[in-house]
Amino acid sequence: MRVVRQFWEKDVLEVAPALIGKMLVRRWRSGEEKRWLITEVEAYRGEEDLACHARSGRTKRTEVMYQPGGRVYVYLIYGKYWMLNVVTGKENQPQAVLIRGVEGSNGPGKLGQRLGLDKSFYGEDINLSLRLWIEDGKERKLKIERIRRVGVEYAGRWAEKLWRWKLDQIES
DNA sequence: ACAAAGATCCGT
DNA sequence: CGGATCTTTGTA
């Protein structure tokens with residue numbers, strides 16, 4: 001079952017860890033459908049978070065982060081990789097979760113490649129999309145580790161926040 | 001208008 | 001550890 005709209009409208013620090021263990025689903029035009037267990041996510045939270053793109057306020061790129069949670073936020077990094085994020089929180093609360101990894105994937109850039117992401121996904125409503133959405137995973141106990149975010153050393157004290165969550169193991 | 005840097009990845 | 005590659009943002 002696709003996660004409910006209200007799931008995304010909560011604070012990113014609540015949504016991000018709750019995403020671990022859920023299923024990322026991609027449906028292609030051909031009808032082929034693939035799903036992966038989400039294993040690693042990062043939270044980006046508000047204009048005060050100097051690692052967050054919204055640090056520079058409302059711009060063409062960050063506009064979607066000011067929308068209510070549940071929109072897809074994609075952006076191109078280093079001219080090559082599309083990064084997959086989902087906006088969280090209420091309207092005018094710029095936040096997003098970066099989906100860094102699924103079971104069997106290497107990094108967020110490679111994940112974007114596997115999903116065939118591009119600019120057209122920007123702003124897509126993940127509650128309604130027919131090509132990309134999130135579903136509940138199996139009910140099971142997960143061991144999750146909480147660590148620092150990657151590649152945000154420039155963000156001073158914000159770089160120290162333990163705003164990355166990674167699946168450590170599945171406890172049966 | 002221009003320069004700088006980037007939520008990455010790969011090869012050395 | 002440096003380069004690729006191009007978009008976004010800050011500065012003039």
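Only a predicted model underlies this, so the values are computations on that prediction, with no experimental measurement involved. Quick note on labels: first sequence line is chain A, next is B, and so on, each numbered from 1.
- Nucleotides dT5(C) and dC2(B) have their P atoms positioned 22 Å apart, rounded to a whole Å.
- Across the protein-nucleic acid pair, N85(A) atom CG and dT8(B) atom P stand 11 Å apart, rounded to whole Å.
- Residue L76(A) is classed as a sugar-phosphate contact, given heavy-atom separations below 4.0 Å to backbone atoms only.
- Cation-pi geometry between R131(A) and F121(A) is satisfied (NZ or CZ under 6.0 Å from the ring centre, within 45° of the ring normal).
- Phosphate contact (OP1/OP2 of dC10(B), side-chain N/O of K110(A), threshold under 4.0 Å): present.
- The distance from atom CG of L50(A) to atom P of dG10(C) is 12 Å, rounded to the nearest whole Å.
- Close to dA7(B), at under 4.0 Å from its OP1 or OP2, lies a side-chain N or O of H53(A).
- Remark: the R58(A) side chain and the N92(A) side chain contain an N/O donor-acceptor pair separated by less than 3.5 Å.
- Close to dT8(B), at under 4.0 Å from its OP1 or OP2, lies a side-chain N or O of R100(A).
- The interatomic distance linking L84(A) (CG) with dA7(B) (C1') rounds to 12 Å, in whole Å.
- In this structure, K80(A) atom NZ and dA5(B) atom C1' are separated by 17 Å, rounded to whole Å.
- A salt bridge does not link R55(A) to D49(A): none of the charged side-chain nitrogens sits closer than 4.0 Å to a carboxylate oxygen.
- Per the stacking criterion (ring centres < 5.5 Å, plane angle < 30°), Y75(A) does not stack onto the base of dA7(B).
- Pair assignment for dA7(B) gives none, since no Watson-Crick or G-U wobble pairing has each distance under 3.5 Å.
- The residue G79(A) sits close to a base: some heavy atom pair falls under 4.0 Å.
- The existence of a salt bridge linking K90(A) and D11(A) is excluded, since no basic side-chain nitrogen approaches an acidic carboxylate oxygen closer than 4.0 Å.
- A straight line from CH2 of W82(A) to P of dT8(B) spans 15 Å, rounded to a whole angstrom.
- Counting to the nearest Å, the P atom of dT9(C) and the CD atom of E63(A) are 12 Å from each other.
- Checking dA7(B), dG6(B), dT9(C) against every side-chain atom of R61(A), the shortest atom distance belongs to dT9(C).
- Residue N106(A) is out of contact with every strand shown, counting any heavy-atom pair closer than 4.0 Å.
- No cation-pi contact links R61(A) to Y122(A), judged by a cut-off of 6.0 Å to the six-membered ring centre and 45° from its axis.
- With centroids closer than 5.5 Å and planes inclined by less than 30 degrees as the test, Y81(A) and the base of dT8(B) fail to qualify as a stacked pair.
- Nucleotide dT8(C) holds its C1' atom 14 Å from the CE atom of M65(A), rounded to whole Å.
- At a cut-off of 3.5 angstrom, counting only N and O atoms as typed in the model, there is no donor on one side facing an acceptor on the other between the side-chain of Y154(A) and the base of dA5(B).
- Considering V97(A), L24(A), L167(A) in turn, L24(A) is the only one that fulfils the side chain to side chain contact (heavy atoms under 4.5 Å, CB included) rule with I38(A).
- When rounded to the nearest whole Å, the span between CG of L162(A) and P of dA7(B) equals 19 Å.
- Nucleic acid contact class of R149(A) (heavy atoms, under 4.0 Å, all strands): none.
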